[in-house]
Structures are given as structure tokens and as C-alpha cells.
Amino acid sequence: ARSIRWEKDDYGSPKWASVVNQVVESTGLDPLILMQSLQDWLPKLEGLPLTMFALEMDPSIIEYCQTRITSTCDQIRSL
């Protein structure tokens, strides 16, 4: 289970542009640094299904997670 919920635009799955805005509003962090950090994370996220497969996770779990992984990757690419 997730231990973090975002104040806005969460609904069980964060909207990453909103997450960036919330972090910037709360911390004053440069949004470009935060967006670059998320984009640096993107290759690991894109490779997650292969990692799950290598760890011999049940294929039904990998399939179940694929939509959310793809959505998150798409959102991060668009930042």
C-alpha cells in the first residue's frame, strides 16, 4: 500500500504534473530540477516490467501493473 497521498489530484493515482506543482509550492524547489530528477528515474520505471519478470513475479501481477506503469511513464515524459 502507498504511504504517501498528494493533497490534490491524487484519486488513488497521482497526476505527476500536479505532484511537481505541489512540491514546488511546499518547498520552493526549482521545478526544473524536480522534473529532471523524475525524468532521470524514467528508464528504471520503464524497465520495471522486465525487472519484475526477472524476479519471477507472477505474470498476472506484471500485467496488472503495466497500465499504471505506462501511464506514469507517459506523464513523466510529458513534464
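The first residue of the sequence shown is numbered 1, and numbering continues consecutively from there.
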To the nearest 0.5 Å, tell me how far [X] [atom1] sits from [Y] [atom2].
X	Y	atom1	atom2	value
Cys73	Lys44	SG	NZ	13.5 Å
Arg68	Leu45	CZ	CG	12.0 Å
Ile69	Leu48	CD1	CG	4.0 Å
Leu38	Leu42	CG	CG	9.5 Å
Ile61	Leu55	CD1	CG	11.5 Å
Glu46	Thr51	CD	OG1	12.0 Å

Open item on the list: I want to check something: taking the side chain as every heavy atom from C-beta on, are Leu32 and Gln36 in contact at a cut-off of under 4.5 Å?
Closed with: no

Task: Distance-only donor-acceptor check, side chains Gln22 and Ser26, under 3.5 Å - done: no

TODO: Would you sort out whether Asp74 and Arg77 count as a side chain to side chain contact (heavy atoms under 4.5 Å, CB included), showing the intermediate values?
DONE: CA-CA 5 Å; Asp74 290 346; Arg77 270 189 222 96; 2.7 Å; yes

Open item on the list: I need the minimum non-hydrogen distance between Met57 and Ile62, along with the two atoms involved.
Closed with: O-CD1, 3.8 Å

TODO: Would you name the heavy atoms of Ile76 and Trp41 that are closest together and state the gap between them?
DONE: CD1-CZ3, 3.3 Å

Task: Where at least one partner belongs to residues 16-27, residue pairs that pass salt bridge (Lys or Arg N to Asp or Glu O under 4.0 Å), sequence neighbours excluded - done: Lys8-Glu25

TODO: Examine distances only and state if a side-chain atom of Thr27 and a backbone atom of Val23 form a donor-acceptor pair shorter than 3.5 Å.
DONE: yes

Open item on the list: Could you work out, with side-chain hydrogen bond (donor to acceptor under 3.5 Å, both in side chains) as the rule, every residue matching Thr70, not counting sequence neighbours?
Closed with: Gln66

